[in-house]
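My questions all concern the structure below.
As the structure lists them, so they are numbered: ligands from 1, and atoms in each ligand from 1. This structure is a prediction, so every number in the text was calculated from the model and none was measured.
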Amino acid sequence: MNFYSTNNPEHRVSLKEAVIKGLAPDQGLYMPEKIPTLPQDFFDKLPDLSFQEIGYEVITALFGEDLSVEQIKELVDHTLTFDAPLVKIEEGVYTLELFHGPTLAFKDFGARFCSKLMSILMEGEDRQVRVLVATSGDTGSAVANGFYKVPGVEVIILYPKGKVSELQEKQFTTLGENISTLEVDGVFDDCQKMVKEAFLDKELNEKMLLTSANSINIARWIPQCLYYFYAYSRLPKTDKKLAISVPSGNFGNLGAGILAERMGLPIDTFIASTNVNRVVPNYLAGNPFTTESSLQTISNSMDVGNPSNFYRLLALFGNDEALFRQKVKGFYFDDQDTINGMKNVKQNSNYIMDPHGAVGYLGLRNFRNISPDEYVGIFLETAHPGKFRNVVEEVLELKLELPERLAKFLEGEKKTIALKNDYQEFKKYLCN
Ligand SMILES: Cc1ncc(COP(=O)(O)O)c(C=O)c1O
Ligand SMILES: N[C@@H](CCOP(=O)(O)O)C(=O)O
């Protein structure tokens, strides 16, 4: 299958080119030229399939023309090595825990898939690839982990100084080897802008092979649709309509959910839940889409004012804005709302949410307040609360037990390079 650019549907490239380039030359995002619909018998048998079996079928439908059966099996088996349990929080409300992977965040699914797919596509080539990543916290750690010590790959992570949690920072600045990190004097959107500029810099691209492991890259974005199928498969049988709330920043995760729905998964409504970086909820409320400088919040990984995936969301609805606004509802919450949500759920359900999951929970609660009996809802819990332990411990007045694989990062020594918020400085770094 070929992939087109959201900026120009005539511009089409192969799977390999879309993955290796990451971003289209016209700055558009690559999209599958056709979205396959899965057959009804796949949906009928979903509850009986394992996560991996679901993965084989979905990935075959999307990449079956380009990859062999063995390659698809290798990819899915490498990605789905941990579970994503669906946990009941209260009547009609479930959370899908996406934090059981190596770095305890949902990005682990996409990062593992991306690194394996790149190695499959680059097999037999002796070119060195440089993977550039902009992160507000979790992408950096997941990608660093997913590509750690992978031969022929160098990863360079840009992150905003002082705006990621202590544990997130430790997870990507302490590894060394093929992972380098740049601490940028700016916000996440500045990091993202510099990375995108590098992909479009002709001079730079003549000297080196650059690619992305952010959700702009289809190899990071598409596999995120797998756990929506899995969530649906594990939901107790119900006649109610399904609403899924996605705590969002760069909107790759929500986009992957919409992709699953376009492939036939019966999700009635999506809820785009954000912190005060509310450009998408503003748009969904009927305003024109505008970007803003990002604001710092306690759900820091969602502090994005210029979400990369906005035009991909629109493309998934055939650029039909009315349909987009009908299918996706937006809500935003400030830090005090988030704190109250975390406290209420701990008190009423004895469940500890991280601040991002809490924003997802609140979006679902607001939506269900409108018509509670019609819907069953799932909100995505996108990171382990321990990654944001300072916030969680203070809000809930408790001491969190850190999983061992998280605690061990605290022992490592942070190694990073300070970088001005200036593209020329970044380019100089890359050329040295
Ligand atoms: C914990 C957490 N929740 C939510 C998000 C938002 O996801 P997306 O950027 O796909 O909207 C992120 C960052 O991507 C994250 O790290
Ligand atoms: N919230 C993200 C920002 C980058 O998102 P991505 O999905 O486009 O990689 C982060 O955790 O870094």
- Task: Assess Gly249 for proximity to ligand 2: is some non-hydrogen atom of it under 4.0 Å away?
- Result: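 Outside the 4.0 Å threshold, so no.
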
- Message: If we only consider heavy atoms of Met302, is any one of them less than 4.0 Å away from an atom in ligand 2?
- Response: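 The answer is no: ligand 2 sits nowhere under 4.0 Å from a heavy atom of Met302.
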
- Message: Looking at Asp138 and Lys387, is any side-chain nitrogen of the basic one under 4.0 Å from a carboxylate oxygen of the acidic one?
- Response: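 Counted as a salt bridge, because a side-chain N and a carboxylate O are separated by less than 4.0 Å.
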
- Task: State, with a plain yes or no, whether a side-chain heavy atom of Pro32 is found less than 4.5 Å away from one of Phe3.
- Result: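 Yes, side chains in contact.
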
- Task: May I ask whether Gln192 has any heavy atom positioned less than 4.0 angstrom from an atom of ligand 2?
- Result: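 False for this residue.
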
- Report yes or no: does a heavy atom of Phe188 sit under 4.0 Å from some atom of ligand 2?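 Phe188: in contact with ligand 2 (<4.0 Å).
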
- Message: For Lys415, is there an ion pair with Glu183 - N to carboxylate O distance below 4.0 angstrom?
- Response: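 Judged by the 4.0 Å cut-off on N to carboxylate O distance, Glu183 and Lys415 do not form a salt bridge.
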
- Task: Look at ligand 2 and say whether Gly137 reaches it with a heavy atom at a distance under 4.0 Å.
- Result: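 Right, Gly137 reaches ligand 2.
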
- Distance filter under 4.0 Å to Asn250 heavy atoms, resulting ligand 2 atoms: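 By the 4.0 Å cutoff, the relevant atoms are 4 (C), 5 (O), 6 (P), 8 (O).
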
List the atom pairs, with distances to 0.1 Å, where a side-chain N or O of residues 400-413 and a protein N or O form a donor-acceptor pair under 3.5 Å, not counting sequence neighbours.
| from | atom 1 | to | atom 2 | distance (Å) |
| --- | --- | --- | --- | --- |
| Arg405 | NE | Gly101 | O | 3.2 |
| Arg405 | NH2 | His100 | O | 3.3 |
| Arg405 | NH2 | Gly101 | O | 3.0 |

- Message: I need the atoms of ligand 2 closer than 4.0 Å to a non-hydrogen atom of Asp138, numbered in the order shown.
- Response: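 Those qualifying, in numeric order: 10 (C), 11 (O), 12 (O).
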
- Item | Ring centres under 6.0 angstrom apart (Phe43, Tyr232) |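 That pair fails the under 6.0 Å test.
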
- Say whether Ser301 and ligand 2 are in contact under the criterion: heavy-atom distance to a ligand atom below 4.0 Å.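 Contact check Ser301 vs ligand 2: positive.
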
- For ligand 1, would you mind listing the residues that have at least one heavy atom less than 4.0 Å away, ordered by chain and number?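 These residues qualify: Phe106, Lys107, Asp138, Pro247, Ser248, Gly249, Asn250, Phe251, Gly252, Asn253, Ser301, Met302, His356, Thr382, Ala383.
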
- Message: Show the atoms of ligand 2 that are less than 4.0 angstrom away from any heavy atom in Ser215.
- Response: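 Checking each atom against Ser215, I get 6 (P), 7 (O), 8 (O), 9 (O).
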
- Query: Is the closest N or O pair between Asn309 and ligand 2 shorter than 3.5 Å?
  - Reply: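 In this structure, Asn309 places no N or O atom under 3.5 Å from an N or O of ligand 2.
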
- Message: I'd like to know whether the aromatic ring centres of Phe51 and Phe229 sit less than 6.0 Å apart in this structure.
- Response: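 For Phe51 and Phe229, the ring centres are not under 6.0 Å apart.
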
